[in-house]
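One structure is given below, encoded as structure tokens.
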2 protein chains.
Amino acid sequence: MTGLDLSHVHAFVAVADAGSVSAAADQLSITQPALTRRLQKLQRDHEVQLLERRGPGLALTSAGRAFLPTARHLLREHDQAGHHLAYLRDGTLRELSVVAPGTTLIDIIIPFVATLGPDRPRTSVTEAALDLRIREAVETHDVVIFPAEPDDTVTSTELLNLPVWAHVASTHRWASRTEIELAELTEESLSVPTRNFAARRKLDAALELENLVLHQVQETNSGQVAQALVATGGGVAVVTDDPAFGLKPLRIIHRGQPLSMELCAMVKPDHYARREIAEFVHQLAVFCTQKYPSLD
Amino acid sequence: MTGLDLSHVHAFVAVADAGSVSAAADQLSITQPALTRRLQKLQRDHEVQLLERRGPGLALTSAGRAFLPTARHLLREHDQAGHHLAYLRDGTLRELSVVAPGTTLIDIIIPFVATLGPDRPRTSVTEAALDLRIREAVETHDVVIFPAEPDDTVTSTELLNLPVWAHVASTHRWASRTEIELAELTEESLSVPTRNFAARRKLDAALELENLVLHQVQETNSGQVAQALVATGGGVAVVTDDPAFGLKPLRIIHRGQPLSMELCAMVKPDHYARREIAEFVHQLAVFCTQKYPSLD
DNA sequence: AGTGTTTACGCGCCTCGTAAACATC
DNA sequence: GATGTTTACGAGGCGCGTAAACACT
């Protein structure tokens with residue numbers, strides 16, 4: 001009948017995360033018996049079993065697994081509401097959280113944040129898995145930067161049309177060119193990151209459309225490594241990273257267009273600080289057009 | 001620093017709703033000094049002024065107005081989480097809340113709910129303003145029934161292709177016909193509900209497309225009244241309601257198609273009881289095709 | 001042995017209600 | 001004379017930590 005106690009919900013989530021009551025108790029800075037009491041009160045008050053003995057410790061019941069996302073969501077909303085109040089107090093965001101793929105983080109976000117004065121909101125940055133669900137990420141973070149299709153559920157700002165580069169060593173026979181045809185790649189030995197990277201996905205998609213197959217492919221866990229391999233061993237690195245190790249970047253032409261992807265900044269449309277965030281995104285967009293003037 | 005106390009948030013919203021501290025205190029079943037203490041603690045803890053003296057009583061500050069939606073949202077999520085637990089306990093929904101426009105309520109939802117056995121979830125029904133924001137409504141209620149365009153953010157089920165009827169008295173010269181052309185309506189004296197009704201909007205949209213203008217229009221506050229006027233005074237009532245007062249319904253043909261609108265049932269895609277709700281919606285859809293077999 | 005649970009005790013904090021004096025409009 | 005605020009008091013509740021015995025695997 002009575003609404004649930006947030007400290008109980010917190011306890012539940014902490015246990016689910018920590019995997020054991022005592023570990024969670026440490027994390028919550030309370031004693032283990034106290035935590036046990038909270039958990040039992042939560043379950044007794046609502047007559048639901050969320051945890052059960054399994055092995056030496058505890059595990060979630062099916063009900064517990066079902067409730068966990070709801071619990072997390074509630075705590076998140078609770079945090080957000082607190083942040084909203086803090087925002088109303090200060091008039092400015094004191095912290096702004098940004099998610100972006102690692103490549104984007106290194107080439108764009110970090111350099112941009114470095115240009116901001118100290119009076120700007122402190123920016124906390126998180127690396128995104130390329131398979132993140134944007135609608136969820138937008139709930140947890142203030143700005144999501146991602147190569148993405150537009151989505152009506154978020155306010156989306158186009159930052160950049162980001163080329164997918166073919167990097168070659170300066171000794172490579174292509175080194176003096178500025179672009180190559182997609183089909184030409186099949187003649188070469190390629191270094192590409194895994195399918196977790198957007199550049200790889202774009203490349204695969206384009207190849208698929210043309211029924212092209214690569215013959216010599218070295219798969220790496222990052223664009224940087226792909227570039228390093230090319231710098232030392234020759235071949236071509238297909239990545240979105242900026243050139244490194246003195247490599248020469250070439251555009252990849254597919255059906256007359258350079259292979260590229262839209263980089264978008266996405267924000268929850270009803271975010272309480274949408275004004276400030278829009279300003280931040282706008283500055284970021286300006287920074288992007290300055291860094292990549294030819295791509296505008 | 002510490003997260004906000006839900007009872008404080010509740011206090012704030014109650015005061016905003018009730019308009020005065022003492023009224024809100026009554027509603028919360030606590031004394032007025034206690035409420036005052038809560039409000040001040042909320043504002044002191046977070047160093048924000050949400051309320052200020054205005055006239056004899058209190059009023060929201062601009063910060064208060066800004067925070068109110070967030071506060072409401074948090075309380076709603078809190079409730080939802082509680083309902084989720086109750087659902088996990090009982091295994092079935094004990095209450096299912098439905099929103100629908102008044103016309104739909106009377107002609108479809110109420111008759112349908114009446115057919116359900118007593119072991120079915122208790123259904124609480126709310127009338128919707130026709131200008132409701134579906135994304136918000138879906139947060140507050142389990143099912144939203146509405147003449148609507150599909151929306152990716154909700155799981156939408158088509159219930160019915162609902163005709164916009166032209167009702168005439170049995171003595172009217174059209175009484176033996178089953179359909180009329182849109183343009184013919186301009187010759188007649190029309191009774192139509194206000195633009196708050198979907199039927200009226202459809203009609204206006206179709207007339208606009210054809211550059212047609214009505215000459216004799218009587219605007220009413222409900223479809224029922226429009227029908228009543230026609231039954232007693234003659235003319236044509238353009239509404240989505242079922243026939244009443246012995247009126248004859250005619251389809252309105254526009255560009256070869258009967259004027260109609262899709263009636264959809266919409267549910268939050270990650271609703272904790274989406275399974276049960278989908279079953280409810282399915283039964284409702286079956287009920288609709290039985291009630292309007294010709295329209296399937 | 002390393003989990004988590006249970007019991008009992010005492011302490012402290014917090015919030016309530018009451019009641020009465022003030023303050024504003 | 002509405003409304004909301006402030007003060008002070010005392011009572012009750014609730015949850016904590018501690019500590020120790022217990023239960024399960």
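The sequence lines fix the lettering, A, B, ..., with proteins before strands; numbering per chain opens at 1. Fair warning: this is a prediction, and the values are worked out from it, not measured in the lab.
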Knowing that exactly one of Val125(B), Asp142(B), Val113(B) qualifies, which makes a side-chain contact (heavy atoms from CB on, under 4.5 Å) with Leu96(B)? Asp142(B)
Please test Arg274(B) against Asp270(B) for salt bridge (charged side-chain N to carboxylate O under 4.0 Å, His left out), starting from the C-alpha separation and ending with a verdict. CA-CA 7 Å; Arg274(B) 53 191 108 76; Asp270(B) 54 348; over 6 Å; no
Using five pairs at each end of the helix from dA1(C)-dT25(D) to dC25(C)-dG1(D) to define an axis, what is the angle between those two axes, to 10°? 40°
State which of dT15(C), dC16(D), dG4(D) makes the closest approach to the side chain of His8(B). dT15(C)
To the nearest Å, how far apart are Leu58(A) CG and dG2(C) P? 18 Å
Please give, in whole Å, the distance from dG17(C) C1' to Asp26(B) CG? 14 Å
Is it the case that the base of dG17(D) and the side chain of Arg37(A) share a donor-acceptor contact (distance under 3.5 Å, atom types as modelled)? yes
Tell me: CZ of Arg38(A) to C1' of dG15(D), nearest whole Å? 8 Å
From the list dT15(C), dT6(C), dC16(D), which nucleotide is the closest neighbour of the side chain of Pro33(A)? dT6(C)
Would you please confirm or rule out a distance under 4.0 Å between OP1 or OP2 of dG17(C) and any side-chain N or O of Thr31(B)? yes
Side chain Gln43(A), main chain Leu51(A), donor-acceptor under 3.5 Å: yes
Please compare Asp5(B) and Gly19(A) by the position of their nearest nucleotide in DNA chain C and report the one closer to 5'. Gly19(A)
Atom CZ of Arg54(A) and atom C1' of dT5(C): how far apart are they, to the nearest Å? 19 Å
Decide whether His84(A) and Gln80(A) meet the rule of one side-chain donor and one side-chain acceptor closer than 3.5 Å. no
Winner on side-chain proximity to Pro56(A), out of dT3(C), dG17(D), dT5(C), is dT3(C)
Distance check needed: dA19(C) C1' versus Gln32(B) CD, whole Å only. 13 Å
Spacing of Leu42(A) atom CG relative to dG15(D) atom P, expressed in whole Å: 12 Å
CG on Asp45(B) to CZ on Arg38(B), rounded to 0.5 Å: 13.0 Å
When the distance from CD1 of Ile30(B) to C1' of dT15(C) is rounded to whole Å, what number comes out? 10 Å
Distance check: side-chain N/O of Ser20(A) vs OP1/OP2 of dT3(C), anything under 4.0 Å? no
Would you say the side-chain atoms of Thr155(B) pair up with the backbone N or O of Val267(B), donor to acceptor, closer than 3.5 Å? yes
So, Gln40(A) versus Thr36(A): side-chain donor-acceptor pair below 3.5 Å or not? no
Checking Thr220(A) side chain against Val225(A) main chain: does a donor-acceptor pair fall under 3.5 Å? no
Nucleotide nearest Arg53(A) when distance is taken to its side chain, options dG4(C), dT24(C), dC16(D): dG4(C)
Could you give the CG-to-P distance, from Leu39(A) to dG15(D), as a whole number of Å? 13 Å
By the 4.0 Å heavy-atom rule, please label Gln40(B) as base, sugar-phosphate, or nothing. sugar-phosphate
dG4(C) phosphate, OP1 or OP2, under 4.0 Å from Ser22(A) side-chain N/O: yes
